[in-house]
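In what follows, chains carry the letters A, B, and so on, assigned in the order in which the sequence lines appear, proteins first and then strands, with residues in each chain numbered from 1.
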There are 2 protein chains.
Amino acid sequence: MKKYSKQRQLIYNSLKNRTDHPTAEQLYEDLKLEMPKIGIATVYRNLIELCESGEVIKLKSLNGPDRYDGNNKPHIHFECNKCNTLYDIFLNENDLKNMDDNINNISSLIGAKPEKTFLTITGRCGNCT
Amino acid sequence: MKKYSKQRQLIYNSLKNRTDHPTAEQLYEDLKLEMPKIGIATVYRNLIELCESGEVIKLKSLNGPDRYDGNNKPHIHFECNKCNTLYDIFLNENDLKNMDDNINNISSLIGAKPEKTFLTITGRCGNCT
DNA sequence: TTGAAATATGATAACGATTATCATTATTAT
DNA sequence: ATAATAATGATAATCGTTATCATATTTCAA
């Protein structure tokens, strides 16, 4: 049976309350301010848990370590290849539905059943032109 | 000036002649059959080159090391989360254009200039249902 | 051609990110 | 409360990748 722990709550809350997409290391550094004895392994362990349960999304960065997104509502990411900022882009309901239909159609081309879709656009963000 | 090397040619040709998406390690093992003295560092170095020149695409896998795709025409990937196979999915010209327009529109939402887009769908492939 | 300059190679050390190990501590259910 | 279970923190180990560097290959100009 799964047990409640202060650490897991803290990690969960922290990710839900921030809109950036920190690496495990960044999250760890920030959490130490609130809980100085927390260990980096605990952070990684709980990130795995939270990803498996679907509460958190793990994002594979093109340049750098994995990053974590506390927002599990479907959305798109834009990764700036200059400043490395990851932007969230939320589509309206209509566009989301269209995209979903597309994903299903595309998957059916190879007889596959889709579960999660990752759409990442890379390029220059507005601040880095 | 860039120099021609047997190794670079071999790596390039190998990636262009296979349609799977090998990891650097897999590629290395295969290349050793043809060129037993090739080093893993040479493989990595040339993969970096080939990716920078746009000849090859580096794919971030959700479970496992990076994989390399010798096909640089725009297409989509489906990653099976059971057998880890990466499938290519090619869209027709029309769908590609629509997608491209969408990417531009989406990027403009945050004032960004898109360069490359990565669309990966995960789920169960036809063989793993 | 040949030889000097430039660049790539292969062996391996070093590194960064992540996971495994394990003794200790915290949480849960009785 | 207490026993059972699961999580923690410290840190070792692992994995993928990059850096280093002496040697070898390639290129270009004479």
Can you list the residues that meet the salt bridge (charged side-chain N to carboxylate O under 4.0 Å, His left out) rule with A:D100, with sequence neighbours excluded? none
Do the rings of A:H21 and A:H77 sit parallel, tilted or perpendicular, given the 30° and 60° boundaries?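 Because their plane-to-plane angle is over 60°, the rings of A:H21 and A:H77 count as perpendicular.
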Write down the distance between [atom1] ([X]) and [atom2] ([N]), rounded to a whole number of angstrom.
X     : N      : atom1 : atom2 : answer
A:Y12 : D:dA7  : OH    : P     : 17 Å
B:L31 : C:dT9  : CG    : P     : 12 Å
B:Q9  : C:dA8  : CD    : C1'   : 14 Å
A:Y28 : D:dT11 : OH    : C1'   : 11 Å
A:M35 : D:dG9  : CE    : P     : 7 Å
B:R8  : D:dT26 : CZ    : P     : 12 Å
A:I40 : C:dA17 : CD1   : P     : 10 Å
B:I11 : C:dA8  : CD1   : C1'   : 11 Å

Could you check whether [Y] and [X], counting side-chain N and O atoms only, form a donor-acceptor pair closer than 3.5 Å?
X     : Y     : value
A:N63 : A:N81 : no
B:D95 : B:N92 : yes
A:Q7  : A:N46 : no

Spell out, as yes or no, whether a donor-acceptor pair under 3.5 Å connects the side chain of [X] to the backbone of [Y].
X     : Y     : result
B:T42 : B:I38 : no
A:K58 : A:L47 : no
A:Q26 : A:T23 : yes

Can a side chain N or O of B:Y44 be found less than 4.0 Å away from OP1 or OP2 on D:dT17?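 Answer yes for this pair, as a side-chain N or O of B:Y44 is under 4.0 Å from OP1 or OP2.
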Atom NZ of residue position B:K116 - does it have more than 12 heavy atoms of other residues, nucleotides or ligands inside 6.0 Å?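 No - once you tally the heavy atoms of other residues, nucleotides and ligands closer than 6.0 Å, there are 12 at most.
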Generate the contact string for nucleotides 20-30 of chain C. Rules: B means base contact, S means sugar-phosphate contact only, - means no protein heavy atom under 4.0 Å. BB----BBSS-
Which residues, if any, of residues 51-66 of chain B bring a heavy atom under 4.0 Å of DNA chain C? none
